[in-house]
Amino acid sequence: MAAFLFKTEPSDYAFADLVREKRVVWEGVSNNTALIHLRGVKKGDTVVIYHTGAEKSAVGLATVTKDPYPDPTLGDEKRVVVDLKPDAALAKRISLSTFKTDTVLRSTELVRNSRLSVMPLSAAHLRRLLELASA
DNA sequence: GCCAACGTTGGC
DNA sequence: GCCAACGTTGGC
């Protein structure tokens with residue numbers, strides 16, 4: 001089972017909205033690199049939700065409930081979406097500055113390419129993130 | 001509010 | 001197919 005990090009601007013859609021609504025169609029990804037990553041997502045994978053803007057922190061966990069499929073509202077086979085359900089909020093949020101300084105997390109795409117909205121996390125990345133989030 | 005980094009578009 | 005101009009994202 002793989003892990004990914006999805007970014008969202010909390011004033012548009014926050015992790016709390018996902019918790020309240022119990023499920024979401026993760027739509028609106030148009031960047032080609034992000035779409036390539038999104039097509040690699042599978043049902044059952046773990047997703048770390050990251051808030052951009054004022055928060056700049058990983059805030060919660062979600063699980064993929066449906067494999068990627070084309071956005072039914074767009075009619076474009078390349079513009080895929082996935083369905084998510086919320087898991088727990090992180091006990092401790094992981095700030096971008098922590099990502100940048102942590103010896104494990106500094107190799108995430110989040111640090112390397114600040115504009116990428118969907119990116120894979122290695123097993124080591126996820127393990128380290130969960131370790132920091134529960135500490 | 002600014003700007004760096006990256007993508008996209010369109011003229012050639 | 002190249003690249004200049006423009007647009008967007010997101011951190012600062």
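To find a chain, count down the sequence lines: A is the first, B the second, and so on, and within it residues start at 1.
- Checked against B/dG7, C/dG10, C/dC12, the side chain of A/Thr52 finds its nearest nucleotide in C/dG10.
- Atoms CG (A/Asn113) and P (C/dG11) sit 11 Å apart, rounded to a whole Å.
- A side chain to side chain donor-acceptor pair (under 3.5 Å) with A/Asp83 holds for exactly one of A/Arg23, A/Lys66, A/Lys43; it is A/Arg23.
- Rounding to whole angstrom units, CG of residue A/Leu35 and P of B/dT8 are separated by 10 Å.
- Between A/Tyr50 and A/Phe99, the two ring planes are perpendicular [angle over 60°; tilted spans 30° to 60°].
- A sub-4.0 Å separation between OP1 or OP2 of C/dG10 and a side-chain N or O of A/Lys56 is absent.
- Between the CD atom of A/Glu9 and the C1' atom of C/dG11 there is a distance of 12 Å, rounded to whole Å.
- At whole-Å resolution of the value, CZ in A/Phe6 and P in C/dG10 are 14 Å apart.
- Put simply, CG on A/Asn31 is 18 Å from P on C/dG7, counting in whole angstrom units.
- At whole-Å resolution of the value, CD1 in A/Ile36 and P in B/dG7 are 10 Å apart.
- For the pair A/Lys7 NZ and C/dT8 P, the interatomic distance rounds to 17 Å; values are reported in whole Å.
- The backbone N or O of A/Phe15 lies less than 3.5 Å from a partner atom in the side chain of A/His51, making a donor-acceptor pair.
- Checked by atom type and distance alone, the side chain of A/Asp71 never pairs as donor or acceptor with a backbone atom of A/Arg79 at under 3.5 Å.
- Contact annotation for A/Leu96: backbone-only contact, meaning every heavy-atom pair under 4.0 Å involves sugar-phosphate atoms and none involves a base.
- Put simply, CG on A/Leu116 is 9 Å from P on B/dG7, counting in whole angstrom units.
- Using a 4.0 Å cut-off, no side-chain N or O of A/Tyr50 falls inside it from OP1 or OP2 of C/dT9.
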